[in-house]
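First the proteins, then the strands, lettered A, B, ... as listed; each starts at 1. These numbers come from a predicted model, not from an experiment.
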Number of protein chains: 2
Amino acid sequence: MTYTIGEFAKKCGLTPHTLRFYEKEGLLPFVHRSASGIRFFSEPDIEWLVIINCLKNTGMSIKEIKVFIDWCMQGDTTIEKRYHFFIEHRKKVEKQMKELRKYLKKIDYKIWYYQTALEAGTLSIHQTQKCIKEEKRQLLKDAHGN
Amino acid sequence: MTYTIGEFAKKCGLTPHTLRFYEKEGLLPFVHRSASGIRFFSEPDIEWLVIINCLKNTGMSIKEIKVFIDWCMQGDTTIEKRYHFFIEHRKKVEKQMKELRKYLKKIDYKIWYYQTALEAGTLSIHQTQKCIKEEKRQLLKDAHGN
DNA sequence: TGTTGACTTAGAGTTAACTTTAAGTGTTAA
DNA sequence: TTAACACTTAAAGTTAACTCTAAGTCAACA
């Protein structure tokens, strides 16, 4: 079972334009062509797009992804490089998650802040003693999580 | 204690250029100017930049952030809007985290995949029965987490 | 047999968020 | 007081990752 660029694009949620762009950037060296030059994609190519998507959506640039793809094309000699590539990338993703958790706390604080103000009908509630106390408690709770 | 644009930029890890750009985009309507037109920033302005940074680094565009800032300038009448703004944004950040967790699993699988190949000295280890079994186990483990 | 639609290429345009440049004014330290 | 530096504005340039256009080829259907 093979796919034309249009069919394959649908299968991985991209446009034919984007796939051609990726190929031009060297991300799809595994794509085959018919005698008349038409690209055809096969079932295992989907896995390539899955990993490209994974790397792309975790903040990796096309150039960096290309480095990995190139290593893949070189076979067993690059196993160690590829291993370290993922070890390093994992660290970056962990860092992103840590950041997101931090921001989520900030957002939760804001939700509490506006919910309290909403109930009171005014933001000035946050100048009262009771609220300042609670606010400190919240902030301390946040600090603990870091 | 007030700061010039250069001092303030350092304090929040931005350049004066970027701060001027943000002001032009309407993100800093709270910034004051001296009689001669020079901007000066004060201590509480840092909290504004903290929240701008939080929203920016969780994928919000400058235009969307501006909507929030404008609401802030309007006082108590926009409390509910701001509350819902953060409720909605929280959902988006949760979604990002869920995605990241999914990608992290993919990366962990790849680490296992290359580590196994590294120990064997060849990628062809992944065509052996023993390895295929383990691979299935890993994939099932991943599936459970989703 | 013509037209619709998918494909090809090269290259130009878009968007967001800066980032730099140019040309000039104002402030501070030796 | 003069050099260095921080500031001003308007506008152009940069970068990544698409996204689209133009001009053309090719295959299938009414």
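Spacing between atom CD1 of B/I52 and atom C1' of C/dA17 amounts to 14 Å, rounded to whole angstrom units. If you take CG of A/L14 and C1' of D/dC20, they are 16 Å apart, rounded to a whole angstrom. At whole-Å resolution of the value, CZ in A/F21 and P in C/dT14 are 17 Å apart. What separates CD of B/E64 from P of C/dT15 is a distance of 16 Å, to the nearest Å. In this structure, CD of A/E7 is placed 7 Å from P of C/dC7, rounded to the nearest angstrom. Nucleotide C/dC7 holds its C1' atom 12 Å from the CZ atom of A/F41, rounded to whole Å.
Across all strands shown, A/Y22 has heavy atoms under 4.0 Å from sugar-phosphate atoms exclusively, and none from any base. As judged by a 4.0 angstrom heavy-atom cut-off over every strand, A/T4 is placed among residues touching the sugar-phosphate backbone only.
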Polar atom pairs (N or O), protein with nucleotides 8-12 of chain D, under 3.5 Å:
from: D/dT8; atom 1: OP1; to: B/R39; atom 2: NH1; distance (Å): 2.2
from: D/dT8; atom 1: OP2; to: B/R20; atom 2: NE; distance (Å): 2.5
from: D/dT8; atom 1: OP2; to: B/R20; atom 2: NH2; distance (Å): 3.1
from: D/dT8; atom 1: OP2; to: B/R39; atom 2: NH1; distance (Å): 3.0
from: D/dT9; atom 1: OP2; to: B/R39; atom 2: NH2; distance (Å): 3.3

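Rounded to the nearest 0.5 Å, atoms CD (A/Q115) and CD1 (B/I79) are 12.5 Å apart. The distance from atom SG of A/C12 to atom CG of A/D45, rounded to the nearest 0.5 Å, is 9.5 Å.
A ring-centre distance under 6.0 Å is found for A/H126 and A/W112.
Every salt bridge (charged side-chain N to carboxylate O under 4.0 Å, His left out) that B/D70 has, sequence neighbours left out, goes to B/K66.
Put simply, A/F30 and A/L27 are part of the same group of oily side chains (I, L, V, M, F, W, Y) that touch within less than 4.5 Å, one to the next.
Residues of residues 54-63 of chain B having a heavy atom closer than 4.0 Å to DNA chain D: none are found.
The aromatic rings of B/Y109 and B/Y113 sit tilted, their planes meeting at an angle between 30° and 60°. Note: A/F85 and A/F68 have parallel aromatic rings, judged against thresholds of 30 and 60 degrees for the angle between ring planes.
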Q: Assess whether ring pair (Phe, Tyr, Trp, His ring centres under 6.0 Å) is satisfied between A/F41 and A/Y3, documenting all intermediate values.
A: CA-CA 5 Å; A/F41 297 77; A/Y3 307 97; 8.4 Å; no
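No donor-acceptor contact under 3.5 angstrom links the side chains of A/T116 and A/E119, judged on distance only.
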